[in-house]
Amino acid sequence: MGKFLTVFDSASSALAAAFAMTVGISAAAVAGGILLGLVIGLALTYGGRVLALPFRAVVDIVRGTPVLVLILASYYMPAGLGVSPGPVTAGVAALTIFCAAHIAETLRGALLAIPAAQTDAARAIGLTFGKTLGYVLLPQALRQIAPNLVNTAVEIVKASSLLSAIGVGELLLTTQEIIGRSFLTMEFYALVGLLYLAVNLSISAGGWWLEHRFRLR
Amino acid sequence: MNYVLNFGAVLRGFDDLLSGLALGLAMGLAGLVVGSLIGIAAGYAAVFGGRPARAVVTLYVGFIRNVPILVLALFAFFALPQYGIRFSNTNTFAAVLAIYAGAYLTESFRAAMLIIPRGTIEAAQSIGLTGVGVALWVVLPIALRNALPSVGNNFISLFKDTSIAAVIAVPELTFQARKINNESFRVIEVWLVTSLIYVTACGLLALALRRIEKLFPRF
């Protein structure tokens, strides 16, 4: 325990920076994923055959591919085109696309679950498609998918640990470096597990608070 | 931008990719079977158990579902051997996958048992079945059927999670893909083909699962 405290003390600033990196990467991926997911979800639902088809293909491919493969692909593939985005950009891009595909699919489900009569009624009172979407459909659909957003955010935080495989200095890779120097394998893997647990429980608690604050259910 | 597609290296390694796929499916299936046993037991405890049993299940599910599976795998692979617990890397990952799957499947089976009508269980008791009898002959079959769609979805995501075993050098599909990638630098072809193999496998699994669901009509 004494050795752990000594090592922890000397590594604490690196750990804090890595923790911030994990939170930052996850937040960026979730924020980008929500925006992109909304666009793709709308295109899937209302895009008609021409617009929906390419998005359908992308969403199905992303959802059928493991996150680690998405991360490795977005890290290595651009090199073939002579571009090297760097591990952080490649990693965030992969997590964003993963997040967007899942949100798009849940949003589509939520939009389709709203009775068609509501759209007819909105049109009957003279709302344009944009207004129908903004005032009638999206407010209901977004409430519906709110619990899903919390789950997706937790999944993204967990998936961000895979960025260690392409050399992003996030929480897990930094912990592995500390373990490589100190050989406190058990202690630091336990610590990093607890740190991920803390982040994810905070997300769940935050989601729970928001749901009750805005009486989403 | 002068990249010319050449699938030669990927095709030469295609057997390795397929054997990697088979290993991934095998680990996924092992994780599903053992995970289901854990999930059935823990789900039963969560629905019908006393307060201490429910608390243990809540802790297990809450802990496992909020920690990355990579952290669990690295812990099992690097930390446990220091305490004399040592398996091959494939078995280590399969075991981690089972414990990980168990937490998700606990939720599936808990939900499947919660929707069994109270009257069904009372009817079973009134014809003289004991607690074990009710659990084995009434709760279990109904829960298995109710949980089937969710268990199937879990299998697909478990299969995708087996890609993470590449990090501890289990020679599954992603590991083989990375090997071809590093040896040939055919970066676009390798990941295109690997992704398509995963997508196809997941698609076929989903189709097969839908078939299986139809074989067992809902109660």
Side-chain angles (χ1 to χ4, degrees), chain A residues 22 57 60-83 151 154-166 170-173 175-176 179-180 183-204, chain B residues 1-5 24 62-83 100 156-167 172-175 177-178 181-182 185-192 194-206:
Chain A
T22 284
D60 282 351
I61 289 173
V62 171
R63 278 164 42 96
T65 305
V67 203
L68 180 58
V69 174
L70 288 178
I71 291 167
L72 293 172
S74 83
Y75 181 56
Y76 289 117
M77 280 174 102
L81 303 171
V83 195
N151 276 339
V154 169
E155 288 305 315
I156 292 295
V157 171
K158 284 163 57 179
S160 76
S161 69
L162 299 176
L163 299 193
S164 61
I166 56 169
E170 44 66 74
L171 191 51
L172 183 56
L173 187 66
T175 304
Q176 286 177 300
I179 290 171
F183 300 106
L184 293 171
T185 317
M186 174 72 100
E187 291 84 344
F188 276 96
Y189 277 132
L191 176 70
V192 77
L194 290 177
L195 287 174
Y196 279 111
L197 188 68
V199 174
N200 285 333
L201 290 182
S202 310
I203 293 175
S204 302
Chain B
M1 284 301 273
N2 299 320
Y3 195 91
V4 181
L5 288 181
F63 180 79
I64 296 290
R65 287 181 26 136
N66 286 301
V67 174
I69 185 171
L70 180 55
V71 171
L72 300 174
L74 291 172
F75 184 85
F77 190 62
F78 290 114
L80 290 185
Q82 294 184 342
Y83 299 83
Y100 187 74
I156 292 176
S157 55
L158 280 183
F159 164 60
K160 289 196 291 169
D161 286 336
T162 59
S163 68
I164 293 165
V167 179
E172 49 65 69
L173 180 48
T174 304
F175 179 88
R178 211 175 182 183
N181 178 81
N182 295 346
F185 296 109
R186 305 311 305 178
V187 288
I188 293 188
E189 297 86 335
V190 172
W191 299 109
L192 213 58
T194 305
S195 174
L196 283 180
I197 295 177
Y198 273 113
V199 171
T200 312
C202 289
L204 291 177
L205 282 178

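Quick note on labels: first sequence line is chain A, next is B, and so on, each numbered from 1.
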B:Tyr3 and A:Gly80: which non-hydrogen atoms are nearest, and at how many Å?
CD1-O, 2.8 Å
Could you report the tightest heavy-atom contact between B:Arg65 and A:Lys158, atom names first, then the distance?
O-NZ, 2.9 Å
Output for pair (A:Met77 CE, B:Arg186 CZ), nearest 0.5 Å, gives 12.0 Å
Nearest 0.5 Å, what's the CD1-OG1 distance between A:Ile71 and B:Thr174?
11.0 Å
So B:Ile188 and A:Leu81, do their side chains get closer than 4.5 Å, heavy atoms only?
yes
Select one option (side chain, backbone, both, neither) describing which atoms of B:Phe63 are under 4.5 Å from chain A's heavy atoms.
both
Look up atom CE in A:Met186 and atom CZ in B:Phe75, then write down how far apart they are to the nearest 0.5 Å.
4.0 Å
Distance col, row B:Phe77:CZ vs A:Thr185:OG1, nearest 0.5 angstrom, shows 12.0 Å
Might you point out which heavy atoms bring A:Ser164 and B:Leu70 nearest each other, and give the distance in Å?
OG-CD2, 3.8 Å
Contacting region of A:Leu162 [heavy-atom separation from chain B under 4.5 Å]:
both
In Å and rounded to the nearest 0.5 Å, what is the CG to OG1 distance from B:Leu74 to A:Thr175?
10.0 Å
Whatever's closer than 4.5 Å to a heavy atom in chain A on B:Leu192 counts as both
Please determine, among A:Leu172, A:Thr65, A:Asp60, A:Leu201, the option with the most heavy-atom pairs under 4.5 Å with chain B.
A:Thr65
Shortest non-hydrogen separation from B:Gln82 to A:Phe183 and the atoms involved
NE2-O, 4.0 Å
With B:Ser195 as partner, the option from A:Leu72, A:Leu70, A:Val62, A:Ile61 fulfilling side chain to side chain contact (heavy atoms under 4.5 Å, CB included) is A:Ile61
When rounded to the nearest 0.5 Å, the distance separating OG of A:Ser161 from CD1 of B:Ile164 is 7.0 Å
If the condition is salt bridge (Lys or Arg N to Asp or Glu O under 4.0 Å), which residues does A:Glu187 pass it with, not counting sequence neighbours?
none
Part of B:Arg178 within contact of chain A (heavy atom distance under 4.5 Å):
side chain
Which one of A:Ile203, A:Leu68, A:Leu197 has the most heavy-atom pairs closer than 4.5 Å to chain B?
A:Leu197
Shortest non-hydrogen contact from A:Val69 to B:Ser163?
CG2-CB, 4.5 Å
